Protein chains: 2
Amino acid sequence: MAVPTAALTEDNEDDIGELADIIGFHIRLAHVAVYRHFTETFADLDLTQKQVSVLWLVDDHPAISQIDVGRRLQMDRATTMTIVNRLQDRDYLRRERSESDGRKQALHLTDEGRAALARAKTAIAEHEAWLKSRFSAEEAEKLVEMLARIHE
Amino acid sequence: MAVPTAALTEDNEDDIGELADIIGFHIRLAHVAVYRHFTETFADLDLTQKQVSVLWLVDDHPAISQIDVGRRLQMDRATTMTIVNRLQDRDYLRRERSESDGRKQALHLTDEGRAALARAKTAIAEHEAWLKSRFSAEEAEKLVEMLARIHE
DNA sequence: TATTGTTATACTCTATAACTATA
DNA sequence: TATAGTTATAGAGTATAACAATA
């Protein structure tokens with residue numbers, strides 16, 4: 001052959017060389033692609049993935065504490081604060097003092113928050129369909145399982 | 001049955017409920033875990049993953065333009081600027097006017113930049129080993145291939 | 001003493017908009 | 001007109017440090 005396959009891809013305009021062998025690099029690029037699709041397609045939602053995750057978790061676990069939300073979503077206390085603050089400013093959730101432990105805040109969704117979450121879930125279903133279209137059912141399951149091995 | 005399996009896991013302290021079925025959610029958590037491991041373990045490097053990616057790419061493609069770096073790493077022009085600026089401030093790379101196209105900057109690593117990249121590559125090898133320890137060789141390959149389907 | 005929430009602060013990544021220089 | 005770089009600006013996520021209230 002006059003031109004080996006390697007040479008054909010090496011000068012490709014999108015070539016990233018040895019970086020392509022780094023798992024962490026692909027995770028970051030995939031994350032950016034997913035984040036971008038979510039925000040671009042659902043700009044009218046005006047909720048980030050993280051904000052939706054918090055709403056979702058509070059809906060699943062009413063009266064959950066901030067520290068608990070942070071632990072489940074792998075966030076710092078201060079990081080959790082900023083997100084809960086934003087959601088509270090928009091009247092999507094409210095803080096109550098926990099009855100069992102005065103140090104804790106008990107988080108609850110407002111009706112508006114529940115409505116926003118419902119809209120978000122519809123959007124996420126579309127988003128997931130976009131994502132899953134690349135994979136067979138077995139592949140999707142395997143992917144989730146492997147990603148979980150990383151973050152668990 | 002008195003207690004279905006679902007109920008057993010539902011009250012787990014780390015349970016995230018239906019969120020666990022969302023691929024995008026796992027990608028984000030995995031990304032955070034990888035990012036955190038990288039920054040915590042290699043704080044003395046004082047380089048972010050993104051900064052290393054740019055150094056790496058400039059080393060692989062001397063005289064590459066900023067717009068080209070951005071395209072390959074899927075970043076905006078302005079985003080690329082801020083990263084190149086930081087690296088230039090630290091004398092890790094320099095800008096030259098492109099000879100072929102006066103609009104473009106040709107990026108080159110300095111000796112310091114090459115030294116920093118060499119240190120970074122050693123660190124990344126360790127980081128990758130940490131990551132890959134979870135997977136068989138076939139699994140790692142499959143994971144990269146699936147992630148590439150998302151960001152390509 | 002330890003935990004939870006809070007506030008202040010800072011840095012990185014990301015992006016949009018407007019401008020300049022060059023093609 | 002289109003492209004590449006630049007500058008200004010802003011928002012989201014992340015984190016550390018210090019403090020207050022509660023356990």
Side-chain angles (χ1 to χ4, degrees), chain A residues 13 25 27-29 31-40 42-43 45-54 63-90 93-107, chain B residues 13 25 27-29 31-40 42-43 45-54 63-90 93-107:
Chain A
E13 290 211 324
F25 181 78
I27 290 176
R28 201 154 48 64
L29 278 193
H31 175 249
V32 170
V34 166
Y35 181 81
R36 195 172 284 143
H37 175 266
F38 184 89
T39 54
E40 281 177 2
F42 307 109
L45 249 188
D46 203 23
L47 284 171
T48 65
Q49 293 177 306
K50 198 111 236 181
Q51 289 167 354
V52 173
S53 297
V54 171
I64 193 172
S65 67
Q66 289 184 184
I67 200 82
D68 211 10
V69 167
R71 191 169 41 69
R72 291 177 202 233
L73 299 179
Q74 299 183 28
M75 297 185 298
D76 182 84
R77 273 180 303 164
T79 305
T80 308
M81 274 293 298
T82 66
I83 294 170
V84 170
N85 282 346
R86 261 180 232 126
L87 292 170
Q88 190 183 40
D89 288 346
R90 294 171 65 179
L93 56 72
R94 62 176 200 283
R95 291 172 159 102
E96 286 179 13
R97 212 82 217 171
S98 166
E99 291 174 10
S100 59
D101 186 337
R103 295 170 301 183
K104 292 186 177 177
Q105 296 278 24
L107 303 180
Chain B
E13 289 211 322
F25 181 79
I27 290 176
R28 199 153 49 65
L29 278 193
H31 174 249
V32 170
V34 167
Y35 181 81
R36 195 172 284 144
H37 176 265
F38 184 89
T39 53
E40 280 177 4
F42 307 109
L45 249 187
D46 203 24
L47 284 170
T48 65
Q49 292 178 307
K50 199 110 235 183
Q51 290 167 351
V52 172
S53 297
V54 171
I64 193 173
S65 67
Q66 290 184 186
I67 200 83
D68 212 9
V69 167
R71 191 168 41 69
R72 291 177 202 233
L73 299 179
Q74 299 183 30
M75 295 184 297
D76 182 84
R77 272 181 304 167
T79 305
T80 308
M81 273 293 298
T82 66
I83 294 170
V84 170
N85 282 347
R86 259 180 235 127
L87 293 170
Q88 190 184 39
D89 288 346
R90 294 170 66 178
L93 56 73
R94 61 176 200 282
R95 291 173 158 104
E96 286 179 12
R97 211 82 219 171
S98 166
E99 292 174 9
S100 59
D101 186 337
R103 294 170 301 183
K104 292 185 177 179
Q105 295 279 24
L107 302 179

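Per chain, numbering begins at 1; letters A, B, ... match sequence-line order. On a predicted model such as this, the values are computed, not experimentally measured, just so you know.
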Notebook entry, point to check: So do the side chains of A:Arg77 and A:Thr80 get within less than 4.5 Å of each other, counting heavy atoms only?
Noted result: no

Next item on the list: Take the protein atom NZ of B:Lys50 and the nucleotide atom C1' of D:dG13, then report the distance between them rounded to whole Å.
Entry: 14 Å

Next item on the list: In whole angstrom, give the distance that lies between atom CD of B:Gln66 and atom P of D:dT7.
Entry: 10 Å

Item checked: Student check: side-chain heavy atoms of B:Leu107 and B:Val69 closer than 4.5 Å -> yes

Notebook entry, point to check: For A:Gln51 and D:dA12, what is the distance between atoms CD and C1' respectively, to the nearest whole Å?
Noted result: 8 Å

Next item on the list: Tell me what B:Thr79 touches on the nucleic acid: a base, only sugar-phosphate, or nothing, going by heavy atoms under 4.0 Å.
Entry: base

Notebook entry, point to check: Starting at the 5' end of DNA chain D and moving along, which residue's nearest nucleotide shows up first, A:Asp46 or A:Gln74?
Noted result: A:Asp46

Check: Between D:dA12 atom C1' and A:Leu87 atom CG, what is the distance in whole Å?
Finding: 12 Å

Next item on the list: Just jot down the side-chain hydrogen bond (donor to acceptor under 3.5 Å, both in side chains) partners of B:Arg95, sequence neighbours excluded, or say none.
Entry: B:Gln66, B:Asn85, B:Gln88

Check: OP1 or OP2 of D:dG13 less than 4.0 angstrom from a side-chain nitrogen or oxygen of A:Gln49, does that happen here?
Finding: no

Note to self: If you compare all heavy atoms of B:Gly102 against all heavy atoms of B:Arg97, which two are closest, and at what distance to 0.1 Å?
What the structure shows: O-NE, 2.9 Å

Checklist line | 5' precedence on DNA chain C between A:Ser65 and B:Thr80 (nearest-nucleotide basis) | finding: A:Ser65

Checklist line | Considering all heavy atoms, the nearest A:Leu47-A:Phe38 contact | finding: O-CE2, 3.4 Å

Note to self: Holding to salt bridge (charged side-chain N to carboxylate O under 4.0 Å, His left out), I want the full list of residues that pass it with A:Arg103, two or more places apart in sequence or in another chain.
What the structure shows: A:Asp101

Notebook entry, point to check: What is the distance from OH of A:Tyr35 to P of D:dA12, rounded to the nearest Å?
Noted result: 8 Å

Margin query: List the residues meeting side-chain hydrogen bond (donor to acceptor under 3.5 Å, both in side chains) with B:Ser98, not counting sequence neighbours, and say none if there are none.
Written below: B:Ser100

Notebook entry, point to check: Of all residues at least two apart in sequence or in a different chain, which pass the side-chain hydrogen bond (donor to acceptor under 3.5 Å, both in side chains) check with B:Gln105?
Noted result: none

Notebook entry, point to check: So what does A:Thr82 touch, heavy atoms closer than 4.0 Å: a base, only the sugar-phosphate, or nothing?
Noted result: base

Notebook entry, point to check: Between A:Arg86 and A:Asp89, does at least one N-O distance fall below 4.0 Å, as a salt bridge requires?
Noted result: no

Notebook entry, point to check: According to a strict under-4.0 Å criterion, is B:Arg36 in side-chain N/O contact with OP1 or OP2 of D:dT14?
Noted result: no

Notebook entry, point to check: D:dA4 C1' sits how many Å from B:Ile64 CD1, rounded?
Noted result: 14 Å

Next item on the list: Using whole Å, report how far CD1 of B:Ile67 lies from C1' of D:dT6.
Entry: 12 Å

Check: Which letter, B, S or -, goes with each nucleotide of nucleotides 17-23 of chain D from 5' to 3', with contact meaning a protein heavy atom under 4.0 Å?
Finding: -----BS

Notebook entry, point to check: D:dT6 C1' sits how many Å from B:Lys104 NZ, rounded?
Noted result: 17 Å

Notebook entry, point to check: Going 5' to 3' on DNA chain C, which nucleotide is the first and which the last to come under 4.0 Å of a heavy atom in chain B?
Noted result: C:dT12 to C:dA23

